[in-house]
K.L.:
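I'd like to ask you about the structure that follows.
We name chains A, B, ... by the order of the sequence lines, and we start the count at 1 in each one. Hydrogens, waters and symmetry mates are skipped; everything else that's a heavy atom, side chains included, is used. Here the structure is a predicted model, which means the values were calculated and not measured.
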Number of protein chains: 2
Amino acid sequence: MKKVDIESRQKSILNAIVESYVDTATPVGSRVIAQRFRNAMSPATIRNVMADLEEMDLIMQPHTSAGRVPTDKGYRFYVDSLLEPKHLTREEESIINKLIHQVGGDIEYVMQNASKAISLITNVAGFVLTPRLKRSIFKHIELFNIDDSRILAVILTTSGFVKNSIMEYEEHVTKHELMRITEFLNSELEGISLGEIKSYLTRKLLEERDSFYTFLKRAMDILAVPDLFRADDHLYFDGAACIMSHPEFADIKRARLFLRACEDKKGLLSLLNQDMDREGVKIHIGKENVDSEVQDMSIVTCNYEVNNMTVGAIAAIGPTRMEYGKVISVLKHISSELGKELEGLG
Amino acid sequence: MKKVDIESRQKSILNAIVESYVDTATPVGSRVIAQRFRNAMSPATIRNVMADLEEMDLIMQPHTSAGRVPTDKGYRFYVDSLLEPKHLTREEESIINKLIHQVGGDIEYVMQNASKAISLITNVAGFVLTPRLKRSIFKHIELFNIDDSRILAVILTTSGFVKNSIMEYEEHVTKHELMRITEFLNSELEGISLGEIKSYLTRKLLEERDSFYTFLKRAMDILAVPDLFRADDHLYFDGAACIMSHPEFADIKRARLFLRACEDKKGLLSLLNQDMDREGVKIHIGKENVDSEVQDMSIVTCNYEVNNMTVGAIAAIGPTRMEYGKVISVLKHISSELGKELEGLG
DNA sequence: TATTAGCACTCTAACACTTAGAGTGCTATT
DNA sequence: AATAGCACTCTAAGTGTTAGAGTGCTAATA
């Protein structure tokens, strides 16, 4: 009889348990696993291994006479050590690309379709965070009077986004003065993120003392309109319907809790903003989430880049029993396609 | 014994049935109604009236030994002839106003919060359609080169919205020429809706034949960027969770169908675009909806105005058993507050 | 010594059966 | 015309029963 490394046998059985459970949503018994291995081991042997895995807190039994189900820790081990990358089919890629690169859609449309693409392919709910303007780098500004009391500022960022801001102004600013201010701001603000503009100008204001002060003050007033610093983090959501097909939500109460968590958005927003700083795919399984509302869910996030700068993030959320491999590849793919599309949109 | 107009007694009993059923979600029997009228009539009498109402197809029995439930036709009669306007409480108004007039939010934020306000107060799902730019009236345009090959157009509308559009352009347009084009477009397009600009300029192009042609052609090319004519109709949605508290969705299958209908958006979009043309509240009960997916739901819509022009619409969707009176007043109130807020946002 | 067959035991999910109660329609009475 | 009384119907909830899936333990086996 061939000698098998016990460690590795435990691994492959855990792997089989996770994949079978993800697939069927029913606790998996020793018989099923034995068949999966074409009876290379007897159910009894597998039961022994299962007892070990349960000892290690990687799997558990919902009740005494049921099969095993992976624990959060079990999924974590699976994701970290067993998961092998899963490629998307041509068909799947084509569906995603069609949704994201649809002609004639504005940014909101693209965001909405990206979240729909996530949920459609992964069969869990999808989230997309809009490009964060505050993180975008200032490139160019144009100012002009639209009437006696209002000035329109148009700001371009290096990642290609445009931000408008109208401000009311009591005293009339001459065209000449406006041009000087425009020139000044353009030379001064290059390379600064939109979120930093305010504090940058304030600092500048403290340094300058002479006649330049009034000029600078006025320039700042024009820019410091609340509009520019408004919250620009919005979450697009899709997949409420498809999530309901999972048996974990057969109980309407759990379904409601899940939907409430999705609509609350605050928790997810802060998670995404946090995860955005690290590149690539991040996974939060069950109780690993600090947010108590999603402690029986898993959240997978991925940043996306426009012109090589991270400006936003996308996410998938569903029961801990999800196809992690697939979700990861889908998010990676969509992140990259979304970035490309946004570059094109300008 | 006092003589009572039979017509009016039928009405008041139908009214009682509808209100009791909306309130309790259980088929209402003759005893309950009798108690509602403080036993002014006996259950037996009421049963006779109920038989009449059933004859008229205003109410029905889910099964032989159950109480009565209003039919679509019954709700319609109730809404048209029995419903009395319901005022919002101070508290409710304050919740709505806080949500909509929150400082530091951009348009998307306001839309999202408006839909949340609808669902929060009415306890059914809320929809908000973004301001339709195509319906907005052209007021002013500014054009400038952002680099050698790209021109940024900023269009202002009379309702106060701003629309950006960047276009790629092979040959360089001089600053002087750009100014001439700007002036031309500003004088020419005043009062035209954004949706009509393209056809207007095309018509103009056919009339002109001389040297002006090239100039006009160029102006049009700049404006006719696809971006300007992109789909700008987005639906914001909230209340998936709260809709789940209704017993009609105890069956997960119906819940899924409802969510699918909400996420599909196409049907709702066309309904809203249609309803927008008439002012005020419009109600679609159950089978009155052409869309088969929502034939067991009711949809209530209301347009909203910015600077006295209808630019968008809001809606509530839920089971036919909904508090029509309340939903109507909430939509009216939110429509008006939303309009005000958007005027302020500029 | 590691694996496996056998067996008693446990728990769930499904089904059948029963019953209380809410509600009706009809008929006879006021 | 309105109502009380009554037989009838249907549902929802509770109770028992059973089949079957799965386990852990022990003893046999390679």
Side-chain angles (χ1 to χ4, degrees), chain A residues 1-10 12-14 16-17 20-21 23-56 58-71 247-248 250-252, chain B residues 1-10 12-14 16-17 20-21 23-56 58-71 247-248 250-252:
Chain A
M1 202 138 287
K2 61 180 183 295
K3 191 181 176 276
V4 185
D5 175 19
I6 194 76
E7 269 283 329
S8 115
R9 190 171 67 176
Q10 288 178 333
S12 72
I13 285 181
L14 176 59
I17 291 174
S20 166
Y21 184 62
D23 194 38
T24 62
T26 42
V28 351
S30 47
R31 282 176 65 85
V32 176
I33 296 296
Q35 274 157 18
R36 246 185 127 84
F37 287 104
R38 283 175 193 152
N39 299 312
M41 295 163 282
S42 80
T45 311
I46 289 169
R47 280 205 287 280
N48 288 331
V49 178
M50 279 171 145
D52 296 346
L53 291 173
E54 185 155 14
E55 189 83 10
M56 290 184 251
L58 295 170
I59 57 176
M60 57 159 289
Q61 288 177 284
H63 56 262
T64 4
S65 76
R68 301 313 212 286
V69 163
T71 60
E248 11 291 90
D251 178 19
I252 203 83
Chain B
M1 208 145 282
K2 60 179 186 294
K3 190 179 176 278
V4 187
D5 176 18
I6 195 76
E7 269 284 329
S8 114
R9 189 170 68 177
Q10 287 177 334
S12 72
I13 286 180
L14 176 59
I17 292 173
S20 167
Y21 183 62
D23 193 38
T24 62
T26 42
V28 351
S30 46
R31 282 175 65 85
V32 176
I33 296 296
Q35 275 156 18
R36 246 184 129 85
F37 286 105
R38 284 175 193 149
N39 299 312
M41 295 163 281
S42 79
T45 310
I46 289 169
R47 282 205 287 278
N48 288 331
V49 178
M50 280 172 142
D52 295 346
L53 291 173
E54 185 154 12
E55 191 82 8
M56 289 183 255
L58 296 169
I59 56 177
M60 58 158 291
Q61 286 177 285
H63 57 262
T64 4
S65 77
R68 299 317 210 285
V69 163
T71 61
E248 8 294 89
D251 177 19
I252 203 84

K.L.:
Using whole Å, what does the distance between atom P of nucleotide D:dT23 and atom CD1 of A:I46 come to?
P.N.:
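Checked: the CD1 to P distance equals 10 Å.
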K.L.:
Tell me which of B:S65 and B:A44 sits closer to the 5' end of DNA chain D, going by the nucleotide each one is nearest to.
P.N.:
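Mapping each residue to its closest nucleotide by heavy atoms, the 5'-most match is B:A44.
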K.L.:
From the set D:dA2, D:dT23, C:dG25, return the single nucleotide nearest to any side-chain atom of B:R9.
P.N.:
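Of D:dA2, D:dT23, C:dG25, D:dA2 is nearest to the side chain of B:R9.
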K.L.:
For D:dG20, does either OP1 or OP2 sit under 4.0 Å from a side-chain N or O belonging to A:R31?
P.N.:
no
K.L.:
Over how many whole Å does the gap from B:M60 atom CE to C:dG23 atom P extend?
P.N.:
16 Å
K.L.:
Test side-chain contact (heavy atoms from CB on, under 4.5 Å) on A:R31 and A:Q35 and set out the steps.
P.N.:
CA-CA 6 Å; A:R31 282 176 65 85; A:Q35 274 157 18; 4.2 Å; yes
K.L.:
Checking contacts here: which listed nucleotide (D:dG24, C:dT24, C:dC11) is nearest the side-chain heavy atoms of A:H63?
P.N.:
C:dC11
K.L.:
Between B:Q10 (CD) and D:dA2 (P), how many Å, whole number?
P.N.:
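Interatomic distance, CD of B:Q10 to P of D:dA2: 12 Å.
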K.L.:
Nearest-Å distance, CE (B:M50) to P (D:dA2)?
P.N.:
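Result: 16 Å.
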K.L.:
Mind checking whether B:I17 and B:V69 have side chains closer than 4.5 Å, heavy atoms only?
P.N.:
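They are not in side-chain contact.
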K.L.:
Mind checking if A:A66 touches a base, just sugar-phosphate, or nothing, with heavy atoms under 4.0 Å?
P.N.:
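A:A66: backbone/sugar contact only, no base atoms under 4.0 Å.
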K.L.:
To the side chain of A:Q61, which of C:dT4, D:dG24, D:dA2 is closest?
P.N.:
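Of the candidates, D:dG24 comes closest.
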K.L.:
Does any non-hydrogen side-chain atom of B:S30 lie less than 4.5 Å from one of B:M50?
P.N.:
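When only atoms from C-beta onward are counted, B:S30 and B:M50 do touch, with a gap below 4.5 Å.
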K.L.:
I need the minimum non-hydrogen distance between A:S20 and A:R36, along with the two atoms involved.
P.N.:
CB-NH1, 3.6 Å
K.L.:
When you match A:M41 and B:V28 each to their closest nucleotide on DNA chain C, which lands nearer the 5' end?
P.N.:
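Its nearest nucleotide lies further toward 5', so the answer is A:M41.
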K.L.:
Nearest heavy atom decides the nucleotide; on that basis, is B:R47 or B:T64 closer to the 5' end of DNA chain D?
P.N.:
B:R47
